[in-house]
Amino acid sequence: MTDNVLDKLQTRFDPQAAQGMDDVFQFNFSDKGSYYLVVKDGNLDVQAGEHDDPSVTLSMSSETLKGVMSGDISGMSAFMSGQLKATGNVMLATRLSSLFPNR
């Protein structure tokens, strides 16, 4: 991504919070394309494109992701206002703040 949102996620990733996980977070951005994060046993792998079988799919603009990750927008209010759409294991999306803490 040109604005390095996902690069910032790499630097904020907390391997301890991801211990024992084996999940795929699919991000479909209205303005930047699609990316997915593979979180497995404390490791993070970021890939461009669409995963065949994501655990949860999140659709939003890259600005919405920036706001949620910075704490300026709550994920729940983004979801309720329609800025964020989620399918699959929606509860998994609530773990994003612990996986990528604001340091």
Side-chain angles (χ1 to χ4, degrees):
M1 292 178 62
T2 55
D3 57 11
N4 296 324
V5 173
L6 293 175
D7 291 338
K8 289 178 186 171
L9 289 182
Q10 290 255 205
T11 61
R12 288 174 51 179
F13 181 66
D14 180 0
Q16 292 291 77
Q19 290 300 317
M21 288 185 72
D22 185 4
D23 295 291
V24 177
F25 294 82
Q26 176 72 53
F27 289 91
N28 295 329
F29 296 106
S30 57
D31 56 341
K32 302 280 184 185
S34 298
Y35 295 83
Y36 60 92
L37 312 179
V38 179
V39 178
K40 185 168 184 171
D41 293 325
N43 294 303
L44 172 67
D45 183 30
V46 179
Q47 297 290 326
E50 294 193 26
H51 191 272
D52 290 339
D53 188 25
S55 308
V56 63
T57 300
L58 304 167
S59 300
M60 70 194 93
S61 71
S62 60
E63 285 302 312
T64 299
L65 179 63
K66 279 186 200 175
V68 169
M69 296 313 291
S70 70
D72 293 338
I73 302 171
S74 91
M76 184 57 74
S77 67
F79 179 76
M80 297 302 275
S81 68
Q83 292 176 295
L84 165 65
K85 292 182 175 53
T87 57
N89 184 352
V90 177
M91 291 309 295
L92 195 56
T94 63
R95 298 212 39 202
L96 285 172
S97 60
S98 63
L99 291 171
F100 304 99
N102 218 349
R103 297 179 194 187

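Owing to the predicted nature of the structure, the values given are computational and were not obtained by experimental measurement.
Contacts classified as side chain to side chain donor-acceptor pair (under 3.5 Å) and involving residues 86-100 (residues at least two apart or in different chains) are not found. Identified under the ring-ring contact (aromatic ring centres under 6.0 Å, His included) test for residues 54-93, with sequence neighbours left out: none. The side chain to side chain donor-acceptor pair (under 3.5 Å) pairs that include a residue from residues 17-26 are Asp23-Ser55, Gln26-Asn28, where partners are two or more places apart or lie in different chains. Pairs engaging residues 43-53 under the side chain to side chain donor-acceptor pair (under 3.5 Å) rule: Asp45-Gln47 [sequence neighbours left out].
In this structure, NZ in Lys8 is found 10.5 Å from CG in Leu65, a value given to the nearest 0.5 Å. Distance OG/Ser34 to CZ/Phe27: 11.5 Å, rounded to 0.5 Å. Rounding to the nearest 0.5 Å gives a distance of 7.0 Å between CE of Met80 and CE of Met76. Put simply, CG on Leu58 and CG on Leu96 are 6.5 Å apart, with the number rounded to the nearest 0.5 Å. Between atom CD of residue Glu63 and atom OG of residue Ser30 there is a gap of 10.0 Å, rounded to the nearest 0.5 Å. We find the CE-NZ distance between Met60 and Lys85 to be 11.0 Å, quoted to the nearest 0.5 Å.
Scored by the side chain to side chain contact (heavy atoms under 4.5 Å, CB included) test, Val90 finds Ala86 as partners (sequence neighbours excluded).
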- request: Using the side-chain contact (heavy atoms from CB on, under 4.5 Å) rule, take Leu44 and Phe100 through it: C-alpha gap first, then chi angles, then the decisive distance, then the call.
  value: CA-CA 11 Å; Leu44 172 67; Phe100 304 99; 3.9 Å; yes

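Looking at heavy atoms from C-beta onward, Phe13 lies out of side-chain contact with Leu37 at the 4.5 angstrom threshold.
Closest approach of Val56 and Phe25 over heavy atoms only: CG1-CD2, 3.5 Å. Shown here for Asp14 and Pro101, the closest heavy-atom pair between the two residues is CB-CD, 3.9 Å.
Judged by distance alone, the side chains of Ser81 and Gln83 do bring a donor and an acceptor atom under 3.5 Å apart.
Taking a 4.5 Å side-chain heavy-atom cut-off between Ile, Leu, Val, Met, Phe, Trp and Tyr, the cluster of Val24 extends to Tyr36, Val38.
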